[in-house]
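The structure appears below as structure tokens.
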Amino acid sequence: MSVRVRYAPSPTGSPHVGNIRTALYDFLLARHFGGVNVLRIEDTDRARLIPGCEDDIVESLHWLGMDWQEGPDRGGPFAPYRQSERKEAGIYDGWIQVLLERGDAYKAFETPEELAEMREYQQINKLPEGYFGGVWRDASPSQVEAAEREGKQGVVRLRVPRGRTIVLQDAIRGRIEFDSDTIDDPVLLKADGMPTYHLAAMVDDHLMEITHVIRGEEWIASAPKHIALFEALGWTPPEFVHVPVIKGTDGKKLSKRHGDTAVLDFRPAGYLPEALANFIALIGWSPGGNRELMSMDELAEAFTLDGLQPSSGVFDREKLDWMNGHYIRELDSEGLFERVVALAASPETSEYWSREDHASTGVGLKFAHLSEAARSEPEYAREAVVLLRERATTLADFAPACEFFFVEDPSMDPKAVEKWLRLDHVPGLFEDMMTALQGRDRVSVEECEALLRDWAAAHGFEKLGPIVHPIRVALTGSTVGPGLFELMALLGPRRMCHRLQEARKIA
RNA sequence: GGCCCGGUCGUCUAGUGGUUAGGAUGCCGCCCUUUCAAGGCGGAGGUCGCGGGUUCAAGUCCCGUCCGGGCUACCA
């Protein structure tokens, strides 16, 4: 069996993680079976269309490592791949005519106001809401003609058969039955001449020979309409795969209201695409057993519909953080540095970190420092980044964590100063260190360690803590950070002497 | 309200009639250690939503019930 799947977003906003997961499943299923992945843009809603959005869709997909064989950007045997263009090409009109002629669709001329009124009436009387006939489902041809002569703008609705059971065979949930009397007649063609999702998506899925329609669970309710349409047209429906929704920690379906769930926000926030993809794949799907750290290749190799789960999942940021840290630690030094520098230099990064929610972190400015250092002293900057690798959760962590390497006078944590610089032996310690380091070009890690250990021994300190901590505070302004000896060697004598001297003044 | 879907540690999940219900994350502790992490080891955390059945045996099958969610547009 040859698999043909499609990711069919509407360009009404940047893709968020729930949305992109279906794209991932499409991609993985196609790869697993050596099938074809199609990108189709469903831009039939002219009012909600956001210009530039298609670029975000393509960018999100590419960033996460997905590709497709047919789409608006690369054409294909079923082009065009934008529904607005397909509409222009007259692809949908023919089928509307067929439906109209067979009596499986009809024209309706209610105004939006009349429809709203009808809904209100249904609400008040606790009736099922929707269009179950109105005055037009059974209107005579002369009534329709009269309305058209008056120049009324009508829509075309599907005539859903009554008194029947419509069966949806879902790949995840199995057989789902609907009483067709509870299904209202959906609009197929809007008054502006554009097809609705119900018409366009089904026609395209059929014409493009899509074998599996992977879409969100929120579509289950309208699936019987789609099946009725397929039946009316005499087509065999594709396999429907309704994947569960992803919820926010509030238990509601993930949306833009949940903060940073736009896929493209994860990039400037310092997440690795391999981590995000791995993590998202595992919400609602499992390879079985205990596997969870998987590359895209492994994911594709393991992915089948069997592993899909019916119950919805919560997007757990903390677990994503862990996974992201894992992938950061897996990067080799060169690769890690490249990624951090690329992130630091990106305009997208400064835009993200200057947004209201993040501006107070100062990360934007710290990234600028990192960027500058990467240009002027690439070797030094690289070593600094590598020293922080074990401690990072996101790539954005490197900016604040490396900051002390890149500024002349790092900001001092007042609490750290109080705790470690007020000790009696500290002035002498700093002076001795300055003397030892003075005029030297460089020191090795081993030399730094010997320096401190010898001083401790000479002054009767059994533990290294009282020596190490004041020096760390003097050099970095903080009590936390990389191994002190490594950090000292990288900083070098010149920077150390300067900072020791500054610290000596307040000690 | 109506229609529909779902329900295993806080969270993501393994599990397809017989397991001390496993793993991961998060949390706690110990080890390592100059700090923080990372890493290693260990711990707490689940009456498998609840109640009935079927069966020698049920998280696994059936029914009911509760709770959660989705849809209810000339949006997708």
Side-chain angles (χ1 to χ4, degrees), chain A residues 8-13 19 42-45 47-48 108 110-112 115-116 119 122-123 125-131 153-157 168 170 172-173 176-179 181-184 186-192 194 196-198 200-201 215-224 242 244-245 247 249 251-253 279 282-293 309-323 325-326 329 388-393 401 416 420 449 452-453 456 463-469 471-473 476 478-485:
Chain A
S10 66
T12 52
N19 198 311
E42 311 223 323
D43 53 350
T44 54
D45 186 350
R48 294 202 315 151
E110 284 89 351
T111 62
L115 255 14
R119 246 191 317 276
Q122 290 168 333
Q123 269 168 11
N125 294 285
K126 297 195 192 311
L127 261 28
E129 284 177 58
Y131 195 92
Q153 283 297 303
V155 299
V156 176
R157 287 180 184 271
L168 163 65
D170 183 75
I172 299 177
R173 293 151 224 271
I176 301 173
E177 295 185 358
F178 297 87
D179 177 351
D181 290 350
T182 66
I183 312 299
D184 72 332
V187 170
L188 262 20
L189 197 67
K190 300 185 245 185
D192 67 0
M194 288 298 273
T196 60
Y197 172 91
H198 301 304
R215 55 175 13 177
E217 187 184 16
E218 65 269 25
W219 287 109
I220 291 180
S222 39
H242 290 102
V245 297
K247 299 189 290 190
T249 37
K252 296 273 196 285
K253 190 172 81 163
F279 179 70
L282 260 19
I283 306 176
W285 175 80
S286 163
N290 291 334
R291 288 222 283 164
E292 61 178 359
L293 256 7
Q309 185 144 25
S311 56
S312 53
V314 172
F315 186 77
D316 179 10
R317 192 65 174 247
E318 289 187 320
K319 185 154 183 177
L320 202 216
D321 281 347
W322 161 75
M323 199 172 268
H326 166 83
R329 273 166 247 125
L388 266 314
R389 174 168 45 196
E390 301 299 312
R391 279 155 262 262
T393 295
W420 293 108
E449 176 159 8
L452 296 210
R453 286 195 189 281
K463 296 267 189 187
L464 226 43
I467 316 303
V468 161
H469 296 309
I471 294 185
R472 175 186 296 282
V473 173
T476 73
S478 163
T479 55
V480 302
L484 184 65
F485 311 133

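In what follows, every heavy atom counts, from backbone to side chain, and hydrogens, waters and symmetry copies are set aside. Below, chains carry the letters A, B, ... as their sequence lines are ordered, and counting in each starts from 1.
Nucleotides B:U65 and B:A44, compared at atom C1', are 33 Å apart to the nearest Å. Using atom P as the reference point in both B:A38 and B:C27, the two lie 9 Å apart (nearest Å). Taking the P atoms as reference points, B:A14 lies 15 Å from B:G23, given to the whole Å. The same atom, P, is picked in B:G6 and in B:C61; the two are 12 Å apart, to the nearest Å. Rounded to whole Å, the P atom of B:G42 lies 39 Å from the corresponding atom of B:G52. With both ends at atom C1', the span from B:G64 to B:C74 equals 42 Å, rounded to whole Å. Comparing B:A24 with B:C32, their P atoms sit 23 Å apart, to the nearest whole Å. The C1' atoms of B:U8 and B:C4 are separated by 23 Å, rounded to the nearest whole Å.
In a base pair of the Watson-Crick type (N1 to N3 plus N6-O4 or O6-N4) or a G-U wobble (N1-O2 and O6-N3), with each distance short of 3.5 Å, B:U47 is matched with no nucleotide. In this structure, B:U55 forms no base pair with any nucleotide, since neither Watson-Crick nor G-U wobble geometry is met with both distances under 3.5 Å. Using the Watson-Crick or G-U wobble rule with both distances under 3.5 Å, B:U60 pairs with nothing in any strand shown.
The nearest whole Å value for the distance from the CE atom in A:Met323 to the C1' atom in B:U11 is 13 Å. B:G26 atom P lies 15 Å from atom CZ of A:Phe315, rounded to whole Å. Between the CD atom of A:Gln153 and the C1' atom of B:C74 there is a distance of 11 Å, rounded to whole Å. Rounded to an integer number of Å, the gap from NE2 of A:His326 to P of B:C12 is 21 Å. Rounding to whole angstrom units, NZ of residue A:Lys253 and P of B:G6 are separated by 17 Å.
Counting non-hydrogen atoms under 4.0 angstrom, A:Arg157 reaches the backbone sugars and phosphates but no base. Among the atoms of the strands shown, base atoms are found under 4.0 Å from some heavy atom of A:Pro112. Among the heavy atoms of the strands lying under 4.0 Å from A:Thr479 is at least one base atom, whether or not backbone atoms are also near. A:Leu484 comes within 4.0 angstrom of a base, heavy atoms only. Within 4.0 Å of A:Gly483, counting heavy atoms only, lies at least one base atom of the nucleic acid. Within the nucleic acid shown, A:Thr249 has no heavy atom closer than 4.0 Å to any nucleic acid atom. Across all strands shown, A:Gly251 has heavy atoms under 4.0 Å from sugar-phosphate atoms exclusively, and none from any base. A:Arg453 comes within 4.0 angstrom of the backbone, heavy atoms only, and of no base. Counting non-hydrogen atoms under 4.0 angstrom, A:Pro482 reaches a base of the nucleic acid. Within the nucleic acid shown, A:Lys247 comes within 4.0 Å of sugar-phosphate atoms alone, with no base atom in reach, counting heavy atoms only. At a threshold of 4.0 angstrom between heavy atoms, the contacts of A:Phe178 are confined to the sugar-phosphate backbone, with no base atom among them.
Side-chain proximity of A:Arg472 to the nucleotides B:U25, B:A14, B:U35 is greatest for B:U35. When distances run from any side-chain atom of A:Ala221 to the nucleotides B:G6, B:C71, B:A73, the shortest one goes to B:C71. With B:A73, B:U35, B:G22 as the candidates, the nucleotide lying closest to the side chain of A:Arg119 is B:A73. Looking at the side chain of A:Arg329, the nearest of the listed nucleotides B:G1, B:G39, B:G7 is B:G39. Counting only heavy atoms from C-beta on, A:Val480 has its side chain closest to B:C36 among B:G23, B:C36, B:A76. Among the nucleotides B:A76, B:G22, B:A24, the one closest to any side-chain atom of A:Lys319 is B:A24. The side chain of A:Leu115 sits closest to B:C74 out of B:G10, B:A24, B:C74. With B:U34, B:C75, B:U11 as the candidates, the nucleotide lying closest to the side chain of A:Val314 is B:U11. Looking at the side chain of A:Ile283, the nearest of the listed nucleotides B:A24, B:A76, B:C12 is B:C12. Relative to the side chain of A:Glu218, the nucleotides B:U25, B:A76, B:C36 differ in distance, and B:A76 lies closest.
For A:Ser286 and B:A14, the shortest distance from a side-chain N or O to OP1 or OP2 is below 4.0 Å. Contact annotation: A:Lys126 side-chain N/O to B:G2 OP1/OP2 distance is not under 4.0 Å. Side-chain nitrogen and oxygen atoms of A:Thr44 include at least one within less than 4.0 Å of the OP1 or OP2 phosphate oxygen of B:A76. OP1 or OP2 of B:A14 has at least one side-chain nitrogen or oxygen of A:Gln309 nearer than 4.0 Å.
Across all non-hydrogen atoms, the minimal contact from A:His198 to A:Leu188 is CB-CD1, 4.2 Å. Nearest approach of A:Pro310 to A:Pro244, heavy atoms of both residues: O-CB, 3.6 Å. Scanning both residues, A:Met323 and A:Glu292, for their nearest heavy atoms gives CE-O, 4.0 Å. Shortest non-hydrogen contact noted between A:Arg391 and A:Gly483 is NH2-N, 4.1 Å.
A donor-acceptor contact shorter than 3.5 Å links the side chain of A:Arg173 to the backbone of A:His242. Formation of a donor-acceptor pair under 3.5 Å by the A:Gln122 side chain with backbone atoms of A:Gly130 is found in this model. Between the side chain of A:Lys190 and the main chain of A:Thr44, a donor-acceptor pair closer than 3.5 Å is present. Distance alone, capped at 3.5 Å, is enough to place a donor-acceptor pair between the A:Arg472 side chain and the A:Pro482 backbone. Looking at A:Thr393, its side chain never comes within 3.5 Å of a backbone N or O of A:Asp321 through a donor-acceptor pair.
Of the two residues contacting RNA chain B, namely A:Pro128 and A:Gly481, the nearest-nucleotide position lying further toward the 5' end is that of A:Pro128.
In this model, no side-chain donor or acceptor of A:Arg173 finds a partner on the base of B:C5 within 3.5 Å.
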